[in-house]
> 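If you scroll down you'll find the structure; I have some questions about it.
Per chain, numbering begins at 1; letters A, B, ... match sequence-line order. Values reported hereafter were calculated over all heavy atoms of this structure, with side chains retained and with hydrogens, waters and symmetry mates removed.
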Protein chains: 2
Amino acid sequence: MSKKFSLGDVETALSPRERFEEYLHSKKMRFTQERKLLVEHVFARHEHFDANSLLDDLTANVERKHRPSRPTVYRTLGELVEAGLLRKFELDGRAVFEHDYGYPPHDHLYCTKCESLIEFHSDDLLELRNRVAQEHGFRVAGHLLIIQGVCAECSQAKRRAKRKQDLL
Amino acid sequence: MSKKFSLGDVETALSPRERFEEYLHSKKMRFTQERKLLVEHVFARHEHFDANSLLDDLTANVERKHRPSRPTVYRTLGELVEAGLLRKFELDGRAVFEHDYGYPPHDHLYCTKCESLIEFHSDDLLELRNRVAQEHGFRVAGHLLIIQGVCAECSQAKRRAKRKQDLL
DNA sequence: ATCATTGCAAAAGATTTGCAAGGTC
DNA sequence: GACCTTGCAAATCTTTTGCAATGAT
């Protein structure tokens, strides 16, 4: 919360909002009301979301007058990804976002029944990834791993339902 | 090429076309000219493709009269995936397909410069995947791993370009 | 002959863009 | 005041769908 944008603060742990401000400043872009509202809204809860759910969320919680429009939401999400604050990946044909800034790297288990994303971290995976890349003279920028299947809860639910049916 | 659809042939190594015929038969669907042309065309070369490149390909190599339309291409690609002949994943917002039937499982290195996909296989990855899933009581159906970065060729090209520039 | 499949045109869903009006530095 | 942003409407891109005509068994 101290003074911003001085060189010495670069190493400091800035809030997402401050980090975004800094990024925008460096690109000679403006920290508008809309962008401010969006960063804060996006970082208020740690949760995966897509453009539509964010829009719905805004529609439900922000008065029309200050509510960013759909194009602005898309444009700002792009900037947040560019700024390194959000990570973006694709799921079922639409873009999904999650916090990146200040959040440890991880991958996902994706339940195709309830569509939930479960996070996990694996150092072994990173090693494996780097080793494979090295073997191909490939310079790694990142990766995307999604393990698809059915989560414990959905499996249980199915089993319960089946047993129930068997009893009839 | 011997008699098809008899129970004894299920274990036999069928050609993609034969496999598709069998699948269609089992679902009481018809093996039309369009479907025939598409399976054979798709399996003529081992290469990643999307609906549009396939359509372009067809436009360039098949006379209008016998050329499957866009909706038919989409519908048939869906059936080929369903039949287990093709694998589908998303890249840059559109669906990409590759051979699955008779082809060993693998993952990809994706070069963001030239957009090429390089295949690799890792048993360690499968073990890691299964272990992680088990730890979460997750029933695995499959996974998607794409390592993003810059391939050897593009790195070289860049280096050459840079050296060339440095010489000016 | 019956019923699946095709092509066309149009729809749908996600995301992007041109441009005039409005906001920020 | 200069210039970036926004919102609106419309465009784009990819994929899907309704339906009448056509084709496979």
Side-chain angles (χ1 to χ4, degrees), chain A residues 4-5 17 20-39 41 48-59 62-83 86 88-97 115, chain B residues 4-5 17 20-39 41 48-59 62-83 86 88-97 115:
Chain A
K4 292 146 198 160
F5 309 133
R17 173 195 156 148
F20 193 36
E21 254 185 283
E22 193 182 61
Y23 165 83
L24 291 172
H25 196 249
S26 76
K27 303 237 309 183
K28 292 191 179 51
M29 292 169 79
R30 290 163 187 177
F31 192 54
T32 61
Q33 291 302 315
E34 289 81 359
R35 286 171 180 163
K36 177 177 173 178
L37 202 154
L38 280 170
V39 217
H41 200 89
H48 299 94
F49 65 93
D50 62 14
N52 250 318
S53 61
L54 175 53
L55 245 349
D56 288 347
D57 198 347
L58 292 171
T59 302
V62 179
E63 307 150 69
R64 165 94 60 102
K65 188 170 194 292
H66 307 104
R67 191 188 307 151
S69 66
R70 185 177 288 277
T72 293
V73 165
Y74 274 100
R75 286 185 280 233
T76 305
L77 286 174
E79 295 299 338
L80 288 169
V81 169
E82 198 60 35
L86 291 181
K88 172 186 182 176
F89 55 95
E90 271 155 46
L91 212 55
D92 295 328
R94 92 275 184 208
V96 174
F97 300 85
E115 301 193 319
Chain B
K4 292 146 198 159
F5 309 134
R17 171 194 158 150
F20 193 35
E21 253 184 283
E22 192 181 62
Y23 165 85
L24 290 172
H25 196 250
S26 77
K27 303 238 309 185
K28 292 191 180 54
M29 292 169 78
R30 292 164 186 177
F31 190 55
T32 61
Q33 292 302 314
E34 290 79 1
R35 286 171 180 162
K36 176 177 173 178
L37 202 155
L38 280 171
V39 216
H41 201 89
H48 300 94
F49 64 94
D50 61 14
N52 251 317
S53 62
L54 175 54
L55 245 350
D56 288 348
D57 199 346
L58 292 171
T59 302
V62 179
E63 307 151 68
R64 164 95 61 102
K65 189 169 193 293
H66 306 105
R67 192 188 306 151
S69 68
R70 184 177 290 275
T72 293
V73 165
Y74 274 99
R75 286 186 281 233
T76 305
L77 285 174
E79 294 299 338
L80 288 169
V81 169
E82 198 60 36
L86 291 181
K88 172 186 182 176
F89 55 94
E90 271 157 46
L91 210 55
D92 295 327
R94 93 273 185 210
V96 174
F97 301 84
E115 301 192 317

> Does C:dT16 have OP1 or OP2 under 4.0 Å away from a side-chain N or O of A:Tyr74?
no
> Are the side chains of B:Leu58 and B:Leu37 in touch, meaning some heavy atoms are under 4.5 Å apart?
yes
> Provide, to the nearest angstrom, the distance between the CG atom belonging to B:Leu24 and the C1' atom belonging to C:dT5.
11 Å
> Counting any heavy atom closer than 4.0 Å, what does B:Ser69 reach on the DNA or RNA strands: base, sugar-phosphate only, or nothing?
base
> Nearest-Å distance, CG (A:Leu54) to P (C:dT15)?
12 Å
> Ignoring backbone atoms, test whether A:Asn52 places a side-chain nitrogen or oxygen under 4.0 Å from the OP1 or OP2 oxygen of C:dA14.
yes
> Would you mind reporting whether A:Asp92 and A:Glu115 have side-chain heavy atoms less than 4.5 Å apart?
yes
> What nucleic acid atoms does B:Arg94 come within less than 4.0 Å of, heavy atoms only: base, sugar-phosphate, or nothing?
sugar-phosphate
> For A:Pro71 and for B:Phe31, locate the closest nucleotide of DNA chain D by heavy-atom distance; then report the residue assigned to the nucleotide nearer the 5' terminus.
A:Pro71
> Out of C:dG7, C:dT24, C:dT6, which has the shortest distance to the side chain of B:Thr32?
C:dT6
> Starting at the 5' end of DNA chain D and moving along, which residue's nearest nucleotide shows up first, B:Ala95 or B:Gln33?
B:Ala95
> Once you round it to whole Å, what is the distance between P of C:dA4 and CD of B:Glu79?
13 Å
> Mind calculating the distance between CZ (A:Arg35) and C1' (C:dC25) to the nearest angstrom?
13 Å
> Send over the distance from B:Arg30 CZ to C:dA1 P, rounded to a whole Å.
15 Å
> Just to confirm, is there a sub-4.0 Å distance from OP1 or OP2 of C:dG7 to any side-chain nitrogen or oxygen of B:Arg70?
no
> Just to verify, what does B:Glu90 make a side chain to side chain contact (heavy atoms under 4.5 Å, CB included) with, not counting sequence neighbours?
A:Glu90
> Are any of the side-chain heavy atoms of A:Lys88 and A:Asp50 separated by less than 4.5 Å?
no
> Knowing that exactly one of B:Leu55, B:Val96, B:Leu86 qualifies, which makes a side-chain contact (heavy atoms from CB on, under 4.5 Å) with B:Phe49?
B:Leu86
> Could you tell me the boundaries of the chain A footprint on DNA chain D, defined by atoms under 4.0 Å from its heavy atoms?
D:dC3 to D:dA9
> Rounded to the nearest Å, what distance is computed from the NZ atom of residue B:Lys28 to the P atom of nucleotide C:dA4?
10 Å
> Check the distance between C:dA21's P and A:Glu34's CD and give it to me in whole angstrom.
18 Å
> Please list, one pair per line, the donor and acceptor atoms closer than 3.5 Å that link side chains of residues 72-83 of chain A to other protein atoms, with sequence neighbours excluded.
from: A:Thr72; atom 1: OG1; to: A:Ser69; atom 2: OG; distance (Å): 3.3
from: A:Thr76; atom 1: OG1; to: A:Thr72; atom 2: O; distance (Å): 2.7
from: A:Glu79; atom 1: OE1; to: A:Tyr23; atom 2: OH; distance (Å): 3.1

> Can you find a heavy atom in the side chain of A:Val39 that is under 4.5 Å from one in the side chain of A:Glu21?
no
> Nearest-Å distance, CD (B:Glu90) to C1' (C:dT15)?
14 Å
> Taking atom types as they are modelled, is there a donor-acceptor pair under 3.5 Å from the base of C:dG7 to the side chain of B:Arg67?
no
